[in-house]
Amino acid sequence: MIIAIDGPAGVGKSTVAKLLAARLGYLYLDTGALYRAIAWKALQSRTRPTDHEQVTTLLPTTSIHMQFHHGAMQVLVDGIDVTGELRAPEVTAAASVVSAIPAVREWLLPIQRQIGRKGSVVAEGRDIGTKVFPEAPFKFFLEADADVRVARRHRELVVAGRGGTVETTFRDLSDRDQRDRTRSVAPLVPAGDARLIDTSALSPDQVVEQMMAVVSIES
Ligand code: DC
């Protein structure tokens, strides 16, 4: 049983996906962490994330493992726990860049699908409903007004001790959105059968309630 949640940065995907997974007792799969792991590896090995060829040559010698403990996810790259480093601003920017490389997306597909086979999963990302789990019985696509998304992301960064200005947050979010929506492979678009939820005026709990209503009526 897979529940797919897609949408741009700052719509509250992670918060909602975690809450929903906890409510249902499902595994929470943050697929962005996998793109961040590749970005981390590229930066670590002094490979420019924009260099498709070089990033692609890193893949065969890279191992990525995700471990799940009581709802929390740990990411190991080549045996090193990099979980705490994946949300650094330079990794965030590089993740969006490497995610446009077709070979990276192909390489990560079986890893995501294998985790999906572990059982009941709430998977969150950009192409879960369109590409990774197109057969998922429940698909949600979250949207929110740009100013709301910027404010949410800025607050998150401040809480994490990584807050820049609202202007830099706006610029980073717009750049990332533009790249994620316009890349040639698996761009960020809602699946034809996804339910759209505008989270601008909703709390995470309200979004989860809407999802729970759909899941419990239809399952
Ligand atoms: O969800 P996130 O911010 O952790 O994702 C980081 C980047 O990874 C994002 O800019 C786009 C990319 N990504 C993707 O292309 N496909 C996914 N399923 C998840 C993330």
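What you see below is based on every heavy atom in this structure, not just the backbone, and it leaves out hydrogens, waters and symmetry mates. For reference, positions follow the sequence shown, starting with 1.
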Q: Scan for side-chain hydrogen bond (donor to acceptor under 3.5 Å, both in side chains) pairs involving residues 77-89, sequence neighbours excluded, and state none if there are none.
A: Trp40-Glu85, Lys41-Asp78, Gln74-Asp81, Asp81-Thr83

Q: Rounded to the nearest 0.5 Å, what's the gap from OG1 on Thr92 to OH on Tyr35? Could you check?
A: 15.5 Å

Q.
Applying the side-chain contact (heavy atoms from CB on, under 4.5 Å) criterion to Arg126, which one of Thr31, Asp180, Val132 satisfies it?
A. Asp180

(Q) Is it the case that over 12 heavy atoms from other parts of the model lie below 6.0 angstrom from the CZ atom of Arg113? (A) yes

Q) Transitive ILVMFWY cluster of Leu188 at side-chain heavy atoms under 4.5 Å: who else is in it? A) Phe141, Leu196

Q. Got a sec, which residues hit salt bridge (charged side-chain N to carboxylate O under 4.0 Å, His left out) with Arg152, two or more places apart in sequence or on another chain?
A. none

Q. Which salt bridge (Lys or Arg N to Asp or Glu O under 4.0 Å) pairs, counting each pair once, include a residue from residues 97-112, with sequence neighbours left out?
A. Arg105-Asp127

**Q.** Ile197/Leu202 under side chain to side chain contact (heavy atoms under 4.5 Å, CB included): CA gap, chis, key distance, verdict
**A.** CA-CA 9 Å; Ile197 302 180; Leu202 299 177; 4.0 Å; yes

Throw together a table of side-chain donor-acceptor distances under 3.5 angstrom for residues 169-176, partners on residues two or more places apart or in other chains.
from: Thr169; atom 1: OG1; to: Thr165; atom 2: O; distance (Å): 2.9
from: Ser174; atom 1: OG; to: Phe170; atom 2: O; distance (Å): 2.6

(Q) Show me the pairs that pass side-chain hydrogen bond (donor to acceptor under 3.5 Å, both in side chains) and involve residues 8-17, at least two apart or across chains. (A) Ser14-Glu124

Q: Can you measure from CD (Gln67) to NE2 (His65) and round to the nearest 0.5 angstrom?
A: 8.5 Å

Q) Can you tell me how far OH of Tyr26 sits from OG of Ser120, rounded to the nearest 0.5 angstrom? A) 4.5 Å

**Q.** Verify same cluster id: Val207, Val122 (apolar side-chain graph, 4.5 Å)
**A.** yes

**Q.** Contacts of Leu34 that satisfy side chain to side chain contact (heavy atoms under 4.5 Å, CB included) - sequence neighbours left out
**A.** Ile64, Met66, Leu108, Ile111, Gln112

Q: Indicate the atoms forming the closest heavy-atom contact of Ala144 with Thr199, along with that distance.
A: CB-OG1, 3.5 Å

Q) According to a 4.5 Å side-chain heavy-atom criterion applied to Ile, Leu, Val, Met, Phe, Trp and Tyr, with indirect links allowed, do Met73 and Leu86 form part of one hydrophobic cluster? A) yes

Q. Looking at side-chain heavy atoms only, is the closest gap between Thr47 and Leu58 below 4.5 Å?
A. yes

Q: Using a 4.5 Å cut-off on heavy atoms from C-beta on, say whether the side chain of Pro187 contacts that of Arg181.
A: no

Q: Before giving the answer on side chain to side chain contact (heavy atoms under 4.5 Å, CB included), spell out for Ile128 and Ile5 the whole-Å C-alpha distance, their side-chain angles and the decisive distance to 0.1 Å.
A: CA-CA 7 Å; Ile128 306 301; Ile5 304 181; over 6 Å; no

Q.
Restricting to salt bridge (charged side-chain N to carboxylate O under 4.0 Å, His left out), what partner residues turn up for Asp6, sequence neighbours left out?
A. none

Q. Run the side chain to side chain contact (heavy atoms under 4.5 Å, CB included) check on Trp107 and Ile38 step by step: do they pass?
A. CA-CA 10 Å; Trp107 193 80; Ile38 304 280; 3.6 Å; yes

Q) When hydrophobic residues are tied together by side-chain contacts of less than 4.5 Å, even through go-betweens, does Phe133 share a cluster with Phe140? A) no

**Q.** Set of side chain to side chain contact (heavy atoms under 4.5 Å, CB included) partners for Val166, sequence neighbours left out
**A.** Val150, His154

Q) Is the backbone N or O of Gln54 less than 3.5 Å from a side-chain atom of Thr57, with the two atoms forming a donor-acceptor pair by type? A) yes

Q) For Asp147, does its backbone N or O pair with a side-chain atom of Asp145 as donor and acceptor, under 3.5 Å? A) no

Q.
Assess the residue pair Ile3 and Leu24 against the criterion (side chain to side chain contact (heavy atoms under 4.5 Å, CB included)); give the C-alpha distance rounded to whole Å, side-chain angles, the decisive distance to 0.1 Å, and a yes or no.
A. CA-CA 11 Å; Ile3 299 179; Leu24 294 166; 3.5 Å; yes

(Q) Ignoring hydrogens, what is the shortest heavy-atom contact between Ser63 and Gly79? Give both atom names and the distance. (A) OG-N, 4.2 Å

(Q) Donor-acceptor pair, distance only, cut-off 3.5 Å: does the side chain of Arg179 make one with the backbone of Thr182? (A) no

**Q.** Shortest non-hydrogen contact between Thr56 and His52, atoms and distance
**A.** OG1-O, 2.6 Å

**Q.** Those residues that, when tested against Arg23, pass side-chain hydrogen bond (donor to acceptor under 3.5 Å, both in side chains) (two or more places apart)
**A.** Glu209

Q) Residues two or more places apart in sequence or in another chain: which of them pass side-chain hydrogen bond (donor to acceptor under 3.5 Å, both in side chains) with Asp177? A) Arg149

Q) Val208 and Val148: same hydrophobic cluster, using ILVMFWY side-chain contacts below 4.5 Å? A) no

Q: Of all the heavy-atom pairs spanning Pro8 and Leu142, show the shortest one and how long it is.
A: CD-O, 3.3 Å

Q: Using the salt bridge (Lys or Arg N to Asp or Glu O under 4.0 Å) rule, collect all pairs that involve residues 128-142, keeping only residues at least two apart or in two chains.
A: Lys139-Asp193

Q) Which atoms form the tightest heavy-atom contact between Thr130 and Pro134, and what is the distance? A) O-CB, 3.9 Å

Q. Would you find a donor on one side and an acceptor on the other, under 3.5 Å apart, between the side chain of Arg183 and the backbone of Val185?
A. yes

Q. Shared ILVMFWY cluster between Leu19 and Leu29, side chains joined below 4.5 angstrom?
A. no

Q) Do Phe138 and Met1 touch side chain to side chain, with heavy atoms closer than 4.5 Å? A) yes

Q) How about Ser200 and Asp198: does a side-chain donor come under 3.5 Å of a side-chain acceptor? A) yes

Q: Grab the two heavy atoms, one from Phe68 and one from Tyr28, that are nearest each other, plus how far apart they are.
A: CE2-O, 3.5 Å

